[in-house]
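See structure below.
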Amino acid sequence: MPVRSNIVGIDSPEALEKALRAAYYLADDGIATASYLSLALGKPLLLEGAPGVGKTEAAKAIAAVLGRRLIRLQCYEGIDASAALYEWNYPRQMLAIRQAGEESIDIYGESFLIERPMLAALRAPDATVLLIDEIDRADQEFEAFLLEFLSDFQISIPERGTIRAAEHPVVVLTSNRTRDLHEALRRRCVYHWIDYPNAEREARIVMMRASSVAEATARAVVAAVGRLRREPLSKAPGVAEAVDWAEAATLLHKGGARWPDAFKRSIGVALKDEEDLHFISPRLDAIIAEAAA
């Protein structure tokens, strides 16, 4: 197995952690190490965790550190190979046939090929990062197809032949673990589980992402969000919601709202489900007061 011990000047997990911080992503040692090993070993990185813990943001930060374009393949139920690899521009092919008349024409030329994310990554492995987002939302048939792609990093186009990547592309997969992924897929990846950050690190993330937010506000929001996550909510607030809540409350406060009221009035950026809002409403004042104390 070829090992790349130095990737754009990054020769250790600690160096990658520092580079990610410069890209406004606060990585702990676990994710920095997993990301470094994925890059060094040329293996896909599989990040699992609850929605909102920063899986997609990690992929964006890795692309920024490498100076590469991020190509995102958003998975969904029923996604198939044509949405992930390529498809032919059928209307353009038909138009070309009519315009050619009696002349011979290659309707499978480059100009008729519609490039999708996985093919784009194969063709430019040194300039892209492929993000396969929420793979758990795809069905098992697509997951089986993905196994072949991740094994050889090549695809076969019947009309054009086999396309192979000149080098292993950088691939990041994310999963919210709504279903278990096949063991064969996990074996092909460097795996890391991302949990919610501790209060200290989340407050630092809030202040980094929302520069206009005071430290006291960031810590109060993080404390309130931590309490909300312990409630039986259908959609617990993630790190992004914590950042948004801190910004929204700060904005209302600058407009004249008092602090406890500013937190309460902006709750809609943290909780985004009617049943969750109804459930937490009787205790919201106490949660905010405790967090701000």
Side-chain angles (χ1 to χ4, degrees), residues 2 38-39 42-47 55-60 62-64 66-176 178-179 181-189:
S38 169
L39 295 173
K43 296 173 71 69
L45 174 65
L46 173 58
L47 300 176
K55 303 183 295 296
T56 300
E57 290 300 316
K60 292 179 180 178
I62 290 171
L66 297 178
R68 299 185 178 191
R69 176 168 64 99
L70 181 74
I71 302 176
R72 181 174 181 174
L73 174 61
Q74 178 62 55
C75 295
Y76 54 86
E77 186 177 353
I79 189 174
D80 58 13
S82 64
L85 286 175
Y86 72 93
E87 59 183 328
W88 295 107
N89 191 329
Y90 181 73
R92 189 170 184 177
Q93 287 175 321
M94 293 299 98
L95 179 61
I97 291 173
R98 287 196 296 269
Q99 291 176 338
E102 298 298 324
E103 297 180 10
S104 175
I105 183 173
D106 179 13
I107 62 172
Y108 295 109
E110 182 68 27
S111 61
F112 301 103
L113 183 64
I114 300 175
E115 191 178 73
R116 298 304 186 198
M118 290 168 66
L119 176 58
L122 285 184
R123 288 174 136 182
D126 59 343
T128 59
V129 171
L130 175 62
L131 168 60
I132 304 176
D133 216 7
E134 298 183 326
I135 180 61
D136 54 317
R137 295 182 62 184
D139 53 34
Q140 293 182 347
E141 287 76 10
F142 182 78
E143 190 177 335
F145 152 76
L146 189 59
L147 286 175
E148 183 178 357
F149 173 82
L150 296 178
S151 294
D152 303 319
F153 291 110
Q154 68 178 37
I155 64 168
S156 177
I157 301 178
E159 300 84 1
R160 294 174 63 89
T162 299
I163 297 177
R164 296 181 178 86
E167 62 180 74
H168 282 192
V170 176
V171 181
V172 180
L173 301 94
T174 72
S175 168
N176 295 331
T178 57
R179 68 172 178 86
L181 301 179
H182 197 281
E183 186 63 27
L185 178 64
R186 295 178 180 275
R187 287 201 305 268
R188 283 164 172 77
C189 303

Say you draw a straight line from OH of Y86 to CD1 of I163; how long is it, rounded to the nearest 0.5 Å? 8.5 Å
CA sep, side-chain torsions, deciding dist, call: I132, L130, side-chain contact (heavy atoms from CB on, under 4.5 Å): CA-CA 6 Å; I132 304 176; L130 175 62; 4.0 Å; yes
Using 30° and 60° as the class limits, which term best fits the ring planes of F149 and F153: parallel, tilted or perpendicular? perpendicular
Looking at every non-hydrogen atom in both residues, tell me the closest pair between L47 and V172 and how far apart they are. CD1-CG1, 4.1 Å
Would you check if L185 and E143 make a side-chain contact, meaning some heavy-atom pair closer than 4.5 Å? yes
Gap separating the CG atom of D152 from the NE2 atom of H168, nearest 0.5 angstrom: 8.5 Å
Minimum-distance pair of heavy atoms, taken over all atoms of R186 and L181: NE-O, 3.6 Å
Look at the side chain of S175 and the backbone N and O of E134, then say whether any donor-acceptor pair between them is shorter than 3.5 Å. no
Filter on side chain to side chain donor-acceptor pair (under 3.5 Å), then keep only pairs touching residues 90-101, sequence neighbours left out; what's left? none
Go through the structure and list residues passing side chain to side chain contact (heavy atoms under 4.5 Å, CB included) with A120, not counting sequence neighbours. I71, E115
Judged by atom type as modelled, is there a donor-acceptor pair below 3.5 Å linking the side chain of T128 to the main-chain atoms of L70? no
I'd like to know if the side chain of R116 reaches the main chain of A81, judged simply by a donor and an acceptor atom lying under 3.5 Å from each other, with no hydrogens or angles considered. no
Rounded to the nearest 0.5 Å, what's the gap from CG on L119 to CG on L85? Could you check? 7.0 Å
Is it the case that the side chains of N176 and T178 hold a donor-acceptor pair, with the cut-off being a distance below 3.5 Å and no angle test? no
If you draw a 6.0 Å radius around CZ in R123, do more than 12 non-hydrogen atoms from other residues or ligands fall strictly inside? yes
What is the minimum heavy-atom distance between A84 and F145, and which atoms define it? CB-CE2, 4.4 Å
Shortest non-hydrogen contact between E167 and P125, atoms and distance: O-CB, 3.5 Å
Run T162 and R164 through side-chain contact (heavy atoms from CB on, under 4.5 Å) and show every step you take. CA-CA 6 Å; T162 299; R164 296 181 178 86; 3.9 Å; yes
Is the shortest heavy-atom distance from the side chain of E159 to the side chain of I107 under 4.5 Å? no
Looking only at heavy atoms, the pair that brings D136 and R179 closest together is O-NE, 3.1 Å
Tell me whether R72 contacts the main-chain N or O of L131 through its side chain, where contact means a donor paired with an acceptor under 3.5 Å. no
Does R160 come within less than 4.0 Å of E110, counting only side-chain N to carboxylate O? yes
For residues S151 and R188, is any side-chain donor paired with an opposing acceptor at under 3.5 Å? yes
Could you go through the side-chain contact (heavy atoms from CB on, under 4.5 Å) check for R68 and V170 one step at a time? CA-CA 10 Å; R68 299 185 178 191; V170 176; 3.3 Å; yes
Do F142 and I135 touch side chain to side chain, with heavy atoms closer than 4.5 Å? yes
Around E148, counting heavy atoms of other residues, nucleotides and ligands shown, do more than 12 lie under 6.0 Å from its CD? no
Answer yes or no: is there a side-chain heavy-atom contact under 4.5 Å between I62 and L45? yes
Can you tell me which residue pairs pass the ring pair (Phe, Tyr, Trp, His ring centres under 6.0 Å) test with a partner in residues 93-115, sequence neighbours excluded? W88-Y108
CG of D133 to NZ of K55, rounded to nearest 0.5 Å, is 8.0 Å
